[in-house]
There are 2 protein chains.
Amino acid sequence: MTTTTKLSTSRRIEAALTEEIAAGELAPGTRLDEVSLATRFNASRTPVREALGRLTAQGILVQGEKRGAFVAEYSREELSQIFEAMHEIEAACARIAAQRLNFLSKTDIEIAQAACIAAAEAGDREAYLRANEAFHTAIYKATGNPYMAEIAAEFRQRTGPFRAKKFATKEDLIESAKSHQDLINDIFSEDSTQASTGMRDHMATSFLQALKAN
Amino acid sequence: MTTTTKLSTSRRIEAALTEEIAAGELAPGTRLDEVSLATRFNASRTPVREALGRLTAQGILVQGEKRGAFVAEYSREELSQIFEAMHEIEAACARIAAQRLNFLSKTDIEIAQAACIAAAEAGDREAYLRANEAFHTAIYKATGNPYMAEIAAEFRQRTGPFRAKKFATKEDLIESAKSHQDLINDIFSEDSTQASTGMRDHMATSFLQALKAN
DNA sequence: GAACGTTATTTTGTATACAATAGGAAAAGT
DNA sequence: ACTTTTCCTATTGTATACAAAATAACGTTC
């Protein structure tokens with residue numbers, strides 16, 4: 001279900017590049033040449049530059065002065081820092097969500113989790129990745145705070161290429177879904193401290209799986 | 001002490017606008033016309049657009065489709081959400097800083113706090129604002145995590161125009177400095193939970209002062 | 001043969017020109 | 001008098017053209 005909204009040229013390019021980078025087609029370190037992209041998208045350099053600028057602002061690309069744009073590439077140290085930041089932000093989301101929980105947001109989370117379980121039991125890795133994304137997005141939404149949600153989503157995007165190899169086996173999927181369940185219990189307790197601790201735990205197991213794959 | 005680094009045109013414009021918005025010269029809701037800015041900065045629309053784009057990415061401006069750029073303006077509800085997010089991020093910084101504290105970062109924080117106390121006792125509001133900024137920046141730095149530090153700084157920038165009227169009286173300054181001291185104790189305890197709680201407390205008193213001013 | 005300096009080429013940053021759309025003003029109809 | 005519609009103007013989005021700077025290539029000199 002790809003939303004077929006009419007986008008401006010620069011937005012279209014931005015979305016396409018985001019997609020390709022997330023999918024791993026454009027590996028970290030790849031140089032993005034403006035003219036090549038312009039010809040590829042049947043556009044001029046101007047919208048290409050706008051798209052590259054926005055992607056840089058999101059941390060998906062890095063752009064040196066007069067040095068061109070590259071798909072962001074991180075050292076072990078930097079990756080560790082980015083994941084640490086992501087963990088903290090996710091924990092903050094869980095914390096706020098626990099405070100502001102209501103029937104609707106609880107239902108959203110439960111529905112997403114049901115999809116996770118289904119995908120895990122089916123051993124469908126692709127489906128699980130999507131369902132997992134939706135699960136976390138449901139938590140972001142449950143904060144009732146779009147600003148918090150945006151940062152969280154941004155970090156998730158940003159770490160996408162480095163989580164791509166996660167969930168190698170069916171057991172990984174099931175373990176992840178189980179971890180979700182614990183997390184749900186912590187959030188639904190409406191105890192903000194427990195919720196943030198629970199999220200930290202979940203992110204830790206998730207991070208371990210990502211490491212296993214590399 | 002304005003750093004006289006040679007900047008590209010678009011960076012210069014970005015910096016100038018950031019400055020003016022932070023200083024309150026460009027009030028929230030103000031429309032920023034591209035051609036006016038271009039003539040004002042003796043430049044073409046191209047670098048102006050790049051600057052506006054980056055400022056939008058930072059949340060300092062809002063840009064509607066074909067609707068131009070405006071200095072971000074928030075409802076009570078939205079402001080509350082932004083401050084909530086800021087509080088959580090600052091708390092996360094305090095948490096990480098407490099875990100990773102070392103002699104250097106402790107010293108940085110103490111130096112910044114000394115400046116805060118001096119400014120508070122002198123009743124110098126402008127100096128205190130700068131010192132307070134430096135104090136929080138020292139904590140960001142103490143996380144050892146530039147990504148976390150960047151988000152925190154971004155939110156601080158973003159809320160700048162809405163914290164501008166804070167610290168009306170000398171007593172406010174002294175109260176704030178006292179609150180800093182409590183926070184330092186919490187962070188220096190190297191207990192991450194206590195540190196984040198302490199930061200939340202500090203931000204709460206800070207937020208109260210901001211509200212008083214409006 | 002290696003290192004350095006100079007020149008060419010490629011690529012980014014900026015300027016200008018053109019196209020398209022949104023918002024408003026004026027006119028027509030009820 | 002008020003609403004609706006049409007046209008115009010102002011402003012953004014995109015394309016192309018030009019300038020400046022960085023990297024690569026080459027030749028010269030030690």
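Quick caveat: nothing in here was measured; it's all calculated off a predicted structure. Throughout, a chain's letter reflects where its sequence line sits, starting with A, and its residues are numbered from 1.
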(request) Pull out every residue in residues 43-61 of chain B that has a heavy atom closer than 4.0 Å to any atom of DNA chain C, ordered by number, or say none. (result)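 Contacting residues: B:A43, B:S44, B:R45, B:T46, B:P47.
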(message) Please determine whether a side-chain nitrogen or oxygen atom of A:T9 lies at a distance below 4.0 Å from atom OP1 or OP2 of D:dT14.
(response)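 Yes.
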(request) Would you indicate, yes or no, if C:dG13 has its OP1 or OP2 atom less than 4.0 angstrom from a side-chain nitrogen or oxygen of B:S10? (result)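 Answer no for this pair, as no side-chain N or O of B:S10 is under 4.0 Å from OP1 or OP2.
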What is the distance, rounded to the nearest whole Å, between atom [atom1] of [X] and atom [atom2] of [N]?
X	N	atom1	atom2	answer
A:D33	D:dA22	CG	P	18 Å
B:L7	D:dA21	CG	C1'	16 Å
B:E65	D:dT11	CD	P	18 Å
B:R12	C:dG13	CZ	P	16 Å
A:L32	C:dT11	CG	P	13 Å
A:Q63	D:dA22	CD	P	16 Å
A:N42	D:dT16	CG	P	11 Å
A:E34	D:dA17	CD	P	17 Å

(request) Show your reasoning for whether salt bridge (Lys or Arg N to Asp or Glu O under 4.0 Å) applies to A:E20 and A:R40. (result) CA-CA 14 Å; A:E20 293 181 19; A:R40 215 195 106 193; 2.5 Å; yes
(request) Remember a base hit wins even if backbone is also touched, and classify A:R11 as base, sugar-phosphate or nothing at under 4.0 Å, heavy atoms. (result)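 Touches nothing.
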(message) Salt bridge or not between B:E88 and B:R200? Use side-chain N to carboxylate O under 4.0 Å.
(response)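 Salt bridge flag = yes for B:R200 with B:E88.
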(message) Does this structure show an ion pair linking A:R11 with A:E14, if we count only N-O contacts that are shorter than 4.0 Å?
(response)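 A:E14 and A:R11: salt-bridged.
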(message) Can you work out whether A:G64 or B:R67 has the more 5'-proximal nearest nucleotide on DNA chain C?
(response)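 Taking each residue's closest nucleotide, the earlier one in sequence belongs to A:G64.
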Residue pair [X] / [Y], side-chain donor-acceptor N/O under 3.5 Å:
X	Y	value
A:Y140	A:E90	yes
A:S10	A:R54	yes
B:D108	B:S105	no

(request) Look at the side chain of B:K66 and the base of C:dT21, then say whether one donor and one acceptor between them are separated by less than 3.5 Å. (result)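 Result: no qualifying N/O pair found.
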(request) Check whether more than 12 heavy atoms from other residues, nucleotides or ligands sit under 6.0 Å from atom CD of B:E19, and answer yes or no. (result)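 No - once you tally the heavy atoms of other residues, nucleotides and ligands closer than 6.0 Å, there are 12 at most.
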